[in-house]
Amino acid sequence: MAFLKFNKSELVNLEYSLKREIILANKTGAYCNTSIVTCNTRRYHGLLAVPVEKFGGFRHLLLSSLDESLTLRGKRFNLGIHCYGDIYEPRGHKYIVDFDADPVPTVTYKIGEIVFRKQIVLSPDADQLMIHYELVNAPAKVKLELKPFLAFRNVHGLTGENDAAKTDFKPVQNGASFCLYEDFPELNIQLSSAQSAYRHNPVWYKGITYSDEMRRGFDCREDLLQPGVFEIDLKAGDSIVVSASAGDNVNASGLKRRFAAVVEKIGPITSYHDQLVRAADHLVRESAGRKQIVAGYSWLYTGLLRETLGSIAGLTLYAHNDAREFEEILDNLIEDNQERFTRRTTQVEAPLYLAVALQQYIAWGASKKAVWEKYGPVMKAVIESYLPGVRQEVAMQPNGLLWAQKDGVALSWMNAYINGRAVTERAGYQVETNAMWYNAIAFALENERKNGSFYKKWAPIKELIEKNYQPTFWNADMGILADYVDNGGQHLEVRPNQLWAVSLDHICVSDDVVSEVMRIVNAELVTRRGIRTLSPRDVRYKGVYEGNQVQRDEAYMNGCAWPFLLAQFCYASFNMMGKNFIKRAEWLTEGFYEDLFKHGVGCFSELYDGDPPHEPHGAISSAMTTAALLNINWLIEKYREE
């Protein structure tokens, strides 16, 4: 029995089913993303999107959808579904009676005596989608017709009918190959049976509408090329596998064996932890022999500095106890981000995350000496880069603290913009950046020889930060650490950034400050779906992430709850309470498993509404969220064992 499933009443209700998405992703960076009734509601939706090296490795959508129709005794039943403005046509979802999300997405249709089933998988190591069709039951022979809808465009864009598109095809084994534009890989659609046929009749389907984009006020309509029809006759008990692959065509006669092997390797889901680990696997990409972390599906980028450092321990060490993968991903990140690590970045705290990632590696069980021998030079170079005159956007001041400022730019993870204006610019001394700054220096000093030049240079700076951090940020009247401090003084909105000052391995605030900060955060920011970005008592608080782009960007950093911040809250709470916090930590994470049927089915969302009932939003599968939950689970087990 499937771990995650939906019934007919849920599936035929488009108000419900169109808000539930599936995501399949593999190590190459390819993905398949659509709703559970296979109606695309976002520009990012499609059956096969692949990274294209000639376009910088960015993902491009080749196959948008594949419509099925069944013909029995001259009567035709269309199983596809598309949105055209406010009209859905054809309405094939009305025939769906069951959807199982695991071990692979499985949709079952029932039309009178006909029972028809399809299962969808991505090859784990190739840009290939496979769909297994089975005619479970039928009173007579049935003709299956398949209509592909081709996009051939960047996943962030839209396309339209145009004269440049090459609408011809090339025959391949049991199928046809298409390539609409130069420099794109060929899309090969092949069937496992030689009895199949392809009829070429290219037609543009115009005005296909993506309802989620429309609701947000974005461009939402595009034209897709439907090049022709694949068809085959089936009788009850027959099955066929359809492959859509980028690049070289495959051995069509071996498709059934390949499909079965992929499904067997995937295996069943038996627990919430299994689902969490599977979600983690989808977020590690290996392209050209190099592993990187995908920040989130289906529109976030791969290899981002902060997102990788913030999630690397969770997705590798806590998911699979895989130190080799941790180091491989980190080595690639360092190689690709020399400039961001040591010269300039618009997220000034991001390079300092390196210390946090290395500390997590050591706490997991890595040799402290070996870690420092390999990564110490990089860590020291990062620290040196914050000295005056190196970076234009941030520099150490005479008081030892970091001042970050670049007019009009949000120089932190709180980087939403409205019409080019930063929602939370936070120029000045940022509370979390300086907490990470102190932690990085203290971490480096504990690994350096006390008579060495680095130690002699930086030990006095560490003492200077210890002297100035708490007086700069602490506000005793409100019982909080200021979110940032500029020339006008402390900015005292209650935000989660102060969590970093009380949760890192090395902190420079008193125990009384830790207790008071945690009391306020717990009272005003903690939810069962993450930590709010602003207290509900603030007049700027926006508790629901909904509406047009401006309204959503206002809520993004002014009220939305972010799950990844729960890890820092749990670190601080375990430090204070030890094993007595286990039950609360479990309670704080259980809600995410309840939401596995929402938004991204079986995935862990990027953010949530700050207001109850805390609906999920943003990327349906987030590296930071998934890693944070794995991190918290690791903490729970660690303290339970102790």
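Predicted, not measured: the structure shown is a model, and the values here were computed from it.
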Roughly how far, to the nearest 0.5 Å, is CG of Leu79 from CZ of Arg91?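 Between atom CZ of Arg91 and atom CG of Leu79 there are 14.0 Å.
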Spatial distance of atom CG (Leu135) from atom CZ (Arg117) [nearest 0.5 Å]: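 One gets 11.0 Å once the value is rounded to the nearest 0.5 Å.
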Between [Y] and [X], does any NZ, NE, NH1 or NH2 come within less than 4.0 Å of an OD or OE carboxylate oxygen?
X: Glu145; Y: Arg199; result: yes
X: Lys206; Y: Asp223; result: no
X: Asp233; Y: Lys143; result: no
X: Arg42; Y: Glu213; result: no
X: Asp212; Y: Arg215; result: yes
X: Asp331; Y: Lys374; result: yes
X: Asp98; Y: Lys110; result: no
X: Asp125; Y: Arg258; result: yes

Is the cationic atom of Arg20 (NZ for Lys, CZ for Arg) positioned less than 6.0 Å from the six-membered ring centroid of Tyr16 and within 45 degrees of its normal? yes
Distance under 6.0 Å and angle within 45° of the ring axis: does Arg153 meet both against Phe55?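 No, Arg153 and Phe55 do not form such a contact.
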Counting N and O atoms only, with roles assigned by atom type, does the side chain of [X] sit under 3.5 Å from a partner on the main chain of [Y], one being a donor and the other an acceptor?
X: Arg43; Y: Asp219; value: yes
X: Gln275; Y: Ser271; value: no
X: Asp274; Y: Thr270; value: yes
X: Lys256; Y: Ser239; value: yes
X: Gln128; Y: Leu122; value: no

With respect to Ile240, which candidate in Leu144, Leu255, Asn174, Leu146 satisfies the side chain to side chain contact (heavy atoms under 4.5 Å, CB included) definition? Leu144
Show the numbers, then the answer: is there a side chain to side chain donor-acceptor pair (under 3.5 Å) between Tyr95 and His93? CA-CA 5 Å; Tyr95 301 121; His93 70 291; over 6 Å; no
Go through His82 and Phe149 one step at a time and tell me if the ring-ring contact (aromatic ring centres under 6.0 Å, His included) criterion holds. CA-CA 11 Å; His82 300 275; Phe149 286 72; 4.6 Å; yes
Between Asp248, Asn188, Asn249, which is the residue that forms a side chain to side chain donor-acceptor pair (under 3.5 Å) with Ser177?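 Considering Asp248, Asn188, Asn249, a side chain to side chain donor-acceptor pair (under 3.5 Å) with Ser177 is found only for Asn188.
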Are more than 12 heavy atoms, taken from residues, nucleotides or ligands other than Gln195, located less than 6.0 Å from that residue's CD atom?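 No, not enclosed.
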